[in-house]
Amino acid sequence: MEEVSLEELDRFFEAVLTKLKKDSVSNISIEEDFYWHFAGNDRTNFKSPVDPVVGSLFDDVRSIKDNVLHREVTTYLDFDRLASILLYLSEKLNPVNSK
(Lines give C-alpha, C1' and ligand atoms only; values in the text may rest on other atoms or scores of the structure.)
Protein backbone atom coordinates (compact mmCIF):
# COMPACT_ATOMS: atom_id res chain seq x y z
CA MET A 1 0.00 0.00 0.00
CA GLU A 2 1.14 3.54 -0.72
CA GLU A 3 0.05 6.77 0.92
CA VAL A 4 0.04 10.34 -0.32
CA SER A 5 -0.45 13.25 2.06
CA LEU A 6 -2.46 16.36 1.26
CA GLU A 7 0.77 18.33 1.52
CA GLU A 8 2.35 16.08 -1.11
CA LEU A 9 -0.69 16.44 -3.38
CA ASP A 10 -0.45 20.19 -2.99
CA ARG A 11 3.20 20.04 -4.06
CA PHE A 12 2.35 17.75 -6.99
CA PHE A 13 -0.26 20.15 -8.32
CA GLU A 14 2.03 23.13 -7.76
CA ALA A 15 4.76 21.36 -9.75
CA VAL A 16 2.35 20.58 -12.59
CA LEU A 17 1.17 24.19 -12.77
CA THR A 18 4.76 25.45 -12.60
CA LYS A 19 5.69 23.13 -15.49
CA LEU A 20 2.80 24.42 -17.62
CA LYS A 21 3.73 28.05 -16.89
CA LYS A 22 7.41 27.37 -17.63
CA ASP A 23 6.39 25.89 -20.99
CA SER A 24 4.21 28.98 -21.69
CA VAL A 25 0.98 26.99 -21.64
CA SER A 26 -1.76 29.40 -20.63
CA ASN A 27 -4.78 27.83 -22.35
CA ILE A 28 -5.51 24.33 -23.51
CA SER A 29 -7.73 23.70 -26.50
CA ILE A 30 -9.69 20.53 -25.97
CA GLU A 31 -10.32 19.32 -29.49
CA GLU A 32 -11.66 15.84 -28.79
CA ASP A 33 -14.75 15.31 -26.71
CA PHE A 34 -15.33 11.62 -26.03
CA TYR A 35 -13.08 9.17 -24.20
CA TRP A 36 -13.28 5.72 -22.62
CA HIS A 37 -13.73 5.65 -18.87
CA PHE A 38 -13.90 2.78 -16.42
CA ALA A 39 -16.58 3.61 -13.88
CA GLY A 40 -16.28 3.04 -10.14
CA ASN A 41 -13.98 0.25 -9.04
CA ASP A 42 -13.77 -1.19 -12.57
CA ARG A 43 -10.43 0.57 -13.07
CA THR A 44 -8.75 -1.84 -10.67
CA ASN A 45 -10.85 -4.93 -11.38
CA PHE A 46 -8.59 -7.52 -13.00
CA LYS A 47 -10.66 -10.56 -12.00
CA SER A 48 -13.44 -10.22 -14.55
CA PRO A 49 -14.07 -8.37 -17.81
CA VAL A 50 -15.27 -4.80 -17.47
CA ASP A 51 -17.01 -2.56 -19.95
CA PRO A 52 -15.84 1.02 -20.34
CA VAL A 53 -18.34 3.85 -20.48
CA VAL A 54 -18.09 6.94 -22.66
CA GLY A 55 -17.01 10.15 -20.95
CA SER A 56 -17.15 13.68 -22.32
CA LEU A 57 -14.25 16.10 -21.86
CA PHE A 58 -16.48 19.00 -22.89
CA ASP A 59 -18.97 18.06 -20.18
CA ASP A 60 -16.13 17.61 -17.68
CA VAL A 61 -14.80 21.12 -18.36
CA ARG A 62 -18.27 22.72 -18.25
CA SER A 63 -19.18 20.92 -15.03
CA ILE A 64 -15.95 21.85 -13.25
CA LYS A 65 -16.24 25.48 -14.35
CA ASP A 66 -19.84 25.60 -13.17
CA ASN A 67 -19.23 23.80 -9.86
CA VAL A 68 -15.89 25.20 -8.81
CA LEU A 69 -15.70 28.62 -10.44
CA HIS A 70 -19.33 29.75 -10.34
CA ARG A 71 -21.02 27.90 -7.50
CA GLU A 72 -17.87 27.36 -5.42
CA VAL A 73 -18.86 23.74 -4.81
CA THR A 74 -16.53 20.79 -5.30
CA THR A 75 -17.67 17.18 -5.37
CA TYR A 76 -15.68 13.96 -5.54
CA LEU A 77 -17.05 13.50 -9.06
CA ASP A 78 -15.05 16.62 -9.94
CA PHE A 79 -11.92 14.61 -9.06
CA ASP A 80 -12.80 12.15 -11.87
CA ARG A 81 -13.48 15.04 -14.23
CA LEU A 82 -10.17 16.71 -13.39
CA ALA A 83 -8.32 13.41 -13.77
CA SER A 84 -9.75 13.01 -17.28
CA ILE A 85 -8.73 16.56 -18.20
CA LEU A 86 -5.21 16.03 -16.82
CA LEU A 87 -4.89 12.77 -18.77
CA TYR A 88 -5.98 14.57 -21.96
CA LEU A 89 -3.41 17.29 -21.24
CA SER A 90 -0.67 14.74 -20.75
CA GLU A 91 -1.54 12.97 -23.99
CA LYS A 92 -1.76 16.23 -25.93
CA LEU A 93 1.43 17.81 -24.59
CA ASN A 94 3.45 14.57 -24.56
CA PRO A 95 1.87 12.41 -27.26
CA VAL A 96 2.64 8.74 -27.51
CA ASN A 97 1.65 7.32 -30.86
CA SER A 98 -0.07 4.01 -30.24
CA LYS A 99 -0.63 3.19 -33.93
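Everything numeric here is computed off the predicted structure, so don't read it as measured data.
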Item to check | Over 12 non-hydrogen atoms of neighbours within 6.0 angstrom of CG in N41 | outcome: no

Item to check | Inter-residue atom distance L6.CG - F12.CZ, 0.5 Å rounding | outcome: 11.0 Å

Next on the checklist: Test of understanding: clusters of I, L, V, M, F, W, Y form through side-chain heavy atoms closer than 4.5 Å, transitively. Do L87 and I30 belong to the same one?
Outcome noted: no

Next on the checklist: Testing the basics here: between S56 and Y35, what is the closest heavy-atom pair and its distance to 0.1 Å?
Outcome noted: N-CE2, 3.4 Å

Next on the checklist: Distance check, rounded to the nearest 0.5 Å: L57 atom CG versus H37 atom NE2?
Outcome noted: 11.5 Å

Checklist entry - So which heavy atom on A39 is nearest to which on V53, and how close? => result CB-CG2, 4.3 Å

Item to check | Exceeds 12 heavy-atom contacts within 6.0 angstrom, atom CD of E8 | outcome: yes

Checklist outcome for this item: All heavy atoms of V4 vs all of L9, minimum pair found to be CG1-CG, 3.7 Å

Next on the checklist: Please report the interatomic distance CG(L17) to NZ(K22), rounded to the nearest 0.5 Å.
Outcome noted: 14.5 Å

Next on the checklist: Check for me, please, whether V68 and V16 land in the same ILVMFWY cluster - side-chain distances under 4.5 Å, paths through other members count.
Outcome noted: yes

Next on the checklist: Assess the residue pair L89 and L93 against the criterion (side chain to side chain contact (heavy atoms under 4.5 Å, CB included)); give the C-alpha distance rounded to whole Å, side-chain angles, the decisive distance to 0.1 Å, and a yes or no.
Outcome noted: CA-CA 6 Å; L89 259 171; L93 298 174; 3.7 Å; yes

Checklist entry - Same cluster for I64 and F13 if Ile/Leu/Val/Met/Phe/Trp/Tyr side chains link at under 4.5 Å? => result yes

Checklist entry - Stepwise, does the side chain to side chain contact (heavy atoms under 4.5 Å, CB included) test hold for D66 with R71? => result CA-CA 6 Å; D66 185 48; R71 293 190 290 150; 3.4 Å; yes

Checklist entry - Could you state the interatomic distance from OG1 (T75) to CG (N67), rounded to the nearest 0.5 Å? => result 5.5 Å

Checklist entry - Are K92 and E32 ion-paired here, with the side-chain N under 4.0 Å from a carboxylate O? => result no

Checklist entry - Do other residues, nucleotides or ligands put more than 12 heavy atoms under 6.0 Å from the CZ atom of F58? => result yes

Checklist entry - Would a distance-only check, ignoring hydrogens and angles, find a side-chain to backbone donor-acceptor pair under 3.5 Å from S90 to L86? => result no

Item to check | Spatial distance of atom CG (L77) from atom CG (L82) [nearest 0.5 Å] | outcome: 11.5 Å

Next on the checklist: So, taking the atom named CD1 in I28 and the one named CG in L20, what distance separates them when rounded to the nearest 0.5 Å?
Outcome noted: 6.0 Å

Item to check | F38 to R43 - nearest heavy-atom pair and separation | outcome: O-NH2, 3.7 Å

